[in-house]
Amino acid sequence: MFSVRFHGRGGQGAKTASRILGTAAFLSGYLAQDSPIYGAERRGAPVAAFTRFGREPIRERGAIAHPDVVVVADASLLSDPTAHVSEGVAAQTPVFVNSSLTAEQLRAQASLSGRIMTLDVTEIALQQLGQREAISALLGAVAARLSGLEREPVRFAIERELNDLGLARPVIERNQAVALHCYDTVRVMTIDAGLGRARAVTSLHTPRYEAPTRGTARISAAGNSVLRETGGWRTFRPVLRADKCNGCWLCFAYCPEGVITMNRDDKPVVDYAHCKGCQICVHECPTQALTAEREEKGGVAWTAR
Ligand code: SF4
Ligand code: SF4
């Protein structure tokens with residue numbers, strides 16, 4: 001069995017990428033399984049998706065603890081302790097990171113396991129597709145290449161999955177072309193499938209029953225959401241061009257996080273420590289005074305500047 005774990009942020013398409021990989025594997029004659037996990041989270045929050053495929057029936061379920069390949073859709077996840085990107089990653093596990101930085105530059109910024117490789121998929125999507133969020137097909141193709149799947153099943157899988165999402169034919173064809181360009185660009189590595197699982201110590205764990213008062217998540221302190229700095233979720237930041245702003249307050253009204261305040265001149269001020277980068281304010285601004293600028297060019301660091 002071969003297993004791939006995807007890490008992304010809500011809205012980046014990690015789930016669709018895992019489906020594309022699963023479908024490509026299925027079309028290649030394998031049995032395949034894919035599933036995402038994102039809980040009750042919001043756009044920009046860390047999410048994961050899992051794809052397994054093999055010649056034998058796959059009885060394993062749930063999260064992939066020891067992946068053969070890891071695909072990271074957003075470099076900022078590398079320094080996010082809630083994303084658990086390095087969990088179960090052995091020194092020889094290929095880890096693909098969507099970043100403009102090199103593997104060495106990433107290693108200098110965060111402690112990373114595995115054999116790191118990078119490609120700036122977001123920049124490719126911006127240049128070729130004109131959309132920064134449209135990276136699911138590209139990531140699926142990269143994962144398929146690293147998993148040893150052929151090109152044609154990947155092309156068909158992208159068509160099938162994006163068609164299911166209701167995308168128009170020309171959009172699907174552009175995604176196929178750009179995704180296959182990424183497929184051809186990424187470096188192939190030799191992989192010992194199942195090595196991590198074989199080394200892992202397996203034991204049966206019987207969870208202890210805990211009454212709802214103990215086992216249910218609770219918020220026991222008031223006014224604590226400000227402590228959760230969701231600014232680290234952001235891939236693109238909203239930036240104001242004050243000369244274009246007419247002071248209409250629409251961005252203030254639409255921001256779902258309540259992180260925009262208006263100053264005395266009726267200009268918005270963004271709290272970047274908590275702005276999660278959903279870009280709703282950018283879309284709603286009637287004068288294009290707010291624009292989306294890429295965060296820290298593929299790096300893992302972010303600042304609340
Ligand atoms: S300031 Fe804009 S990008 Fe940030 S959370 Fe609010 S609406 Fe989203
Ligand atoms: S929506 Fe645009 S024009 Fe209106 S206050 Fe916000 S930035 Fe200014």
Side-chain angles (χ1 to χ4, degrees), residues 6-21 24 42-44 47 49 71-77 96-101 118-145 151 154-186 233-241 244-245 250-251 254-256 270 275-299 302:
F6 294 82
H7 294 273
R9 296 197 171 279
Q12 283 184 321
K15 173 187 156 192
T16 303
S18 80
R19 285 196 62 83
I20 287 170
L21 176 61
R42 298 165 288 174
R43 190 178 181 85
V47 300
V71 174
V72 184
D74 191 319
S76 67
L77 291 163
F96 173 85
V97 184
N98 169 23
S99 173
S100 61
L101 303 184
T118 64
L119 179 66
D120 195 353
V121 170
T122 301
E123 188 63 25
I124 293 172
L126 270 170
Q127 298 297 329
Q128 307 286 328
L129 300 171
Q131 283 188 30
R132 53 185 172 267
E133 292 101 351
I135 60 173
S136 56
L138 285 54
L139 292 175
V142 166
R145 174 68 153 173
R151 248 169 150 261
V154 177
R155 183 196 302 279
F156 285 126
I158 292 170
E159 179 176 347
R160 189 179 286 192
E161 294 303 325
L162 298 192
N163 192 42
D164 282 355
L165 293 176
L167 298 190
R169 181 94 225 140
V171 177
I172 294 174
E173 285 172 0
R174 277 206 304 278
N175 269 277
Q176 284 173 309
V178 180
L180 289 173
H181 163 71
C182 293
Y183 176 98
D184 293 335
T185 305
V186 82
W233 296 5
R234 198 172 50 235
T235 311
F236 286 81
R237 68 169 49 206
V239 175
L240 178 71
R241 277 198 51 187
K244 296 181 87 177
C245 171
L250 274 178
C251 52
Y254 273 103
C255 175
V270 178
C275 162
K276 63 181 185 177
C278 66
Q279 307 304 323
I280 290 174
C281 57
V282 174
H283 288 295
E284 294 301 334
C285 176
T287 64
Q288 284 82 50
L290 287 167
T291 55
E293 288 190 9
R294 193 164 178 193
E295 198 65 49
E296 293 294 319
K297 259 284 180 188
W302 67 278

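In what follows, residues are counted from 1 in the order of the sequence shown.
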- Arg155 versus Leu180: any side-chain heavy-atom pair under 4.5 Å? yes

- Item | Sub-4.5 Å side-chain heavy-atom contact between Val72 and Asn98 | no

- Task: For the pair Arg234 and Cys275, evaluate side-chain contact (heavy atoms from CB on, under 4.5 Å) and give the outcome as yes or no after the intermediate values.
- Result: CA-CA 7 Å; Arg234 198 172 50 235; Cys275 162; 3.7 Å; yes

- Message: To check you understand the geometry: which heavy-atom pair defines the closest contact between Ala73 and Gly8, and what is its length?
- Response: CB-CA, 3.9 Å

- Task: Calculate, to the nearest 0.5 Å, the distance between atoms NE2 and CD belonging to His7 and Gln12 respectively.
- Result: 12.5 Å

- Task: Could you walk me through whether Phe6 and Leu21 pass side-chain contact (heavy atoms from CB on, under 4.5 Å), step by step?
- Result: CA-CA 11 Å; Phe6 294 82; Leu21 176 61; 3.9 Å; yes

- Message: Once side-chain hydrogen bond (donor to acceptor under 3.5 Å, both in side chains) is applied, do any residues pair with Arg145, and if so which ones, sequence neighbours excluded?
- Response: none

- side-chain contact (heavy atoms from CB on, under 4.5 Å) between Val171 and Leu162: does it pass, once the steps are laid out? CA-CA 9 Å; Val171 177; Leu162 298 192; 6.0 Å; no

- Do Leu139 and Ile20 pass the side-chain contact (heavy atoms from CB on, under 4.5 Å) test, and can you show the C-alpha distance, the side-chain angles, and the key distance before you say yes or no? CA-CA 9 Å; Leu139 292 175; Ile20 287 170; over 6 Å; no

- Query: How long is the span from the CD atom in Gln279 to the CG atom in Leu290, to the nearest 0.5 Å?
  - Reply: 9.0 Å

- Message: Test of understanding: with side chain to side chain contact (heavy atoms under 4.5 Å, CB included), list the residues that count as partners of Ala179, not counting sequence neighbours.
- Response: Ala137, Leu138, Ala141, Ile158

- Mind listing the closest non-hydrogen atom pair of Leu250 and Glu284 along with its distance? CD1-O, 4.1 Å

- Query: So which heavy atom on Ala24 is nearest to which on Ala157, and how close?
  - Reply: N-CB, 3.5 Å

- Pairs involving residues 163-177, ordered by first then second residue, that meet side chain to side chain donor-acceptor pair (under 3.5 Å) (sequence neighbours left out): Glu159-Arg169, Arg169-Glu173

- Of all heavy-atom pairs between Ile135 and Ala125, which one has the smallest distance, and what is that distance? CG2-CB, 3.7 Å

- Applying side-chain hydrogen bond (donor to acceptor under 3.5 Å, both in side chains) to Gln127 and not counting sequence neighbours gives Glu123

- Item | Considering all heavy atoms, the nearest Ala49-Ala14 contact | CB-O, 3.7 Å

- Non-neighbouring partners of Arg151 that pass side-chain hydrogen bond (donor to acceptor under 3.5 Å, both in side chains), sequence neighbours left out: Asp184

- What residues, two or more places apart in sequence or in another chain, satisfy side chain to side chain contact (heavy atoms under 4.5 Å, CB included) together with Cys245? Leu240, Lys267, Pro268, Ala289

- Message: To the nearest 0.5 Å, what is the distance between OH on Tyr254 and SG on Cys285?
- Response: 12.0 Å

- Note on the structure: Between the CZ atom in Arg294 and the OG atom in Ser100, the distance rounded to the nearest 0.5 Å is 5.5 Å

- Message: Please report the interatomic distance SG(Cys182) to CG(Leu119), rounded to the nearest 0.5 Å.
- Response: 5.5 Å

- So, for Thr118 and Phe96, which heavy atoms are closest and what is the spacing to 0.1 Å? C-CE1, 4.1 Å

- Query: Just checking, is any N or O donor in the side chain of Arg9 or Ser76 under 3.5 Å from an acceptor N or O on the other one?
  - Reply: yes

